> 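Shown below is the structure under consideration.
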Amino acid sequence: MDSGWITPDMWSNPYIQGLLAKKGHGFSSGKWNDRYFRLQGHRLFYFKTSLTEKLHGNIPLNGAVLTTEGPDIEKYGFHGFKIYCKKLDKNFYIMASTDEEKHKWVVAIEEAIRTAPDKDAKEFHDPWLGDELGHESDEMEELLLVHSDE
């Protein structure tokens, strides 16, 4: 049974992983930050570095839309793409370092979106998502502590 809770095992065996740049939201809007991404199942998890297991945020791909062209993407560079997250009603701008890297991620994310059950896009509470911008919540910290003791 899916309780809607995210646990560290959900990113421990990613289909694809690597360093990408993510455009910040809120106070840091306009600032690009390097993040270490892991795609596993129907979620794109991201961390501040490849050396940390502390989840910084995640993008549920249920019902998401990936776009690789358009004026809002082109103004950020040639290797960028946008993921519209239905659950959060937010756009996430992500940039790879090369066209080859971008293509690899786009193909993998499109497959995850295609196979994701859309019915889950709004149905369950996910404390790991945190606020509406995808920042982690206090509940997430508590879950990490609980799961690290097991």
Side-chain angles (χ1 to χ4, degrees), residues 2 4-70 72-118 120-122 124-141 143-144 147-148:
D2 182 8
W5 297 92
I6 295 179
T7 58
D9 63 306
M10 295 177 77
W11 64 77
S12 64
N13 189 24
Y15 174 71
I16 185 174
Q17 61 185 326
L19 192 65
L20 299 168
K22 180 184 154 302
K23 187 174 182 296
H25 289 118
F27 180 74
S28 63
S29 65
K31 182 178 177 189
W32 286 88
N33 299 297
D34 286 340
R35 296 289 180 246
Y36 193 79
F37 284 83
R38 295 177 183 173
L39 175 63
Q40 185 170 327
H42 308 296
R43 288 185 185 268
L44 186 58
F45 301 96
Y46 56 95
F47 306 80
K48 284 196 175 185
T49 72
S50 63
L51 303 175
T52 183
E53 285 296 313
K54 183 177 185 232
L55 184 64
H56 192 67
N58 78 91
I59 305 169
L61 298 174
N62 307 76
V65 177
L66 187 141
T67 309
T68 59
E69 296 178 356
D72 58 334
I73 297 167
E74 291 165 7
K75 72 179 178 181
Y76 295 126
F78 297 109
H79 312 301
F81 55 94
K82 174 177 72 174
I83 300 172
Y84 169 71
C85 176
K86 181 178 176 180
K87 182 170 184 170
L88 299 175
D89 192 27
K90 296 283 179 204
N91 287 315
F92 291 85
Y93 293 91
I94 300 171
M95 192 178 331
S97 58
T98 66
D99 277 336
E100 183 180 326
E101 184 83 7
K102 173 186 171 180
H103 178 74
K104 181 173 72 169
W105 278 96
V106 165
V107 168
I109 293 168
E110 283 178 338
E111 178 65 12
I113 291 170
R114 188 184 67 73
T115 60
D118 188 45
D120 292 336
K122 292 244 182 213
F124 64 87
H125 167 69
D126 189 343
W128 291 74
L129 287 175
D131 66 18
E132 66 278 1
L133 299 178
H135 299 123
E136 61 194 39
S137 68
D138 292 335
E139 285 179 274
M140 186 176 90
E141 287 294 324
L143 285 173
L144 275 177
H147 289 287
S148 66

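Just so it is clear, the structure is predicted and the values come from calculations on it, not from any experiment.
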> Write down the atom of Asn62, the atom of Pro117, and the distance for their closest heavy-atom approach.
ND2-O, 2.9 Å

> With no hydrogens and no angle check, is any side-chain donor or acceptor of His42 less than 3.5 Å from a backbone partner on Ala112?
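A pair under 3.5 Å: yes.
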
> Holding to ring-ring contact (aromatic ring centres under 6.0 Å, His included), I want the full list of residues that pass it with Phe45, two or more places apart in sequence or in another chain.
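Only Trp11 meet the ring-ring contact (aromatic ring centres under 6.0 Å, His included) criterion with Phe45.
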
> Taking the side chain as every heavy atom from C-beta outward, state whether Asp99 and His79 have any atom pair closer than 4.5 Å.
yes

> To the nearest 0.5 Å, what is the distance between OG1 (Thr49) and CZ (Arg35)?
9.5 Å

> For Tyr84, which of Asn91, Thr67, Ile59, Leu66 qualifies under side chain to side chain contact (heavy atoms under 4.5 Å, CB included)?
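Filter result, single survivor: Asn91.
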
> Report the distance from atom NZ of Lys23 to atom CG of Asn33, rounding to the nearest 0.5 Å.
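Atom-to-atom, Lys23:NZ and Asn33:CG are 10.5 Å apart.
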
> Using modelled atom types and a 3.5 Å cut-off, is there a donor and acceptor pairing between side-chain atoms of Lys102 and backbone atoms of Met95?
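Checked: no pair found.
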
> With rounding to the nearest 0.5 angstrom, report the CG to CH2 distance, Leu20 to Trp32.
10.0 Å

> Please identify each residue that fulfils salt bridge (Lys or Arg N to Asp or Glu O under 4.0 Å) with Glu110, with sequence neighbours left out.
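Salt bridge (Lys or Arg N to Asp or Glu O under 4.0 Å) list for Glu110, sorted by chain: empty.
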
> Taking the side chain as everything from C-beta on, heavy atoms only, tell me whether Trp105 gets closer than 4.5 Å to Leu39.
yes

> Find out whether Phe92 and Leu44 are in side-chain contact, i.e. whether some heavy atom of one side chain is under 4.5 Å from a heavy atom of the other.
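Counting from C-beta outward, Phe92 and Leu44 never come under 4.5 Å.
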
> Quick one: closest heavy-atom pair of Tyr36 and Gln17, and the distance?
OH-OE1, 3.1 Å

> Give me the atom names and distance for the closest heavy-atom approach of Lys86 to Gly63.
CB-O, 3.6 Å

> For a side chain to side chain contact (heavy atoms under 4.5 Å, CB included) with Ile16, tell me which candidate from Lys104, Arg38, Gln40, Glu111 qualifies.
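Single pass found, and it is Lys104.
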
> Give, for atom CZ of Phe37 and atom CZ of Phe47, the distance between the pair rounded to the nearest 0.5 Å.
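Between Phe37 CZ and Phe47 CZ, I get 10.5 Å after rounding to 0.5 Å.
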
> Could you tell me the separation between the CD atom of Glu53 and the CG atom of Leu55, rounded to the nearest 0.5 Å?
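So the CD of Glu53 and the CG of Leu55 are separated by 9.5 Å.
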
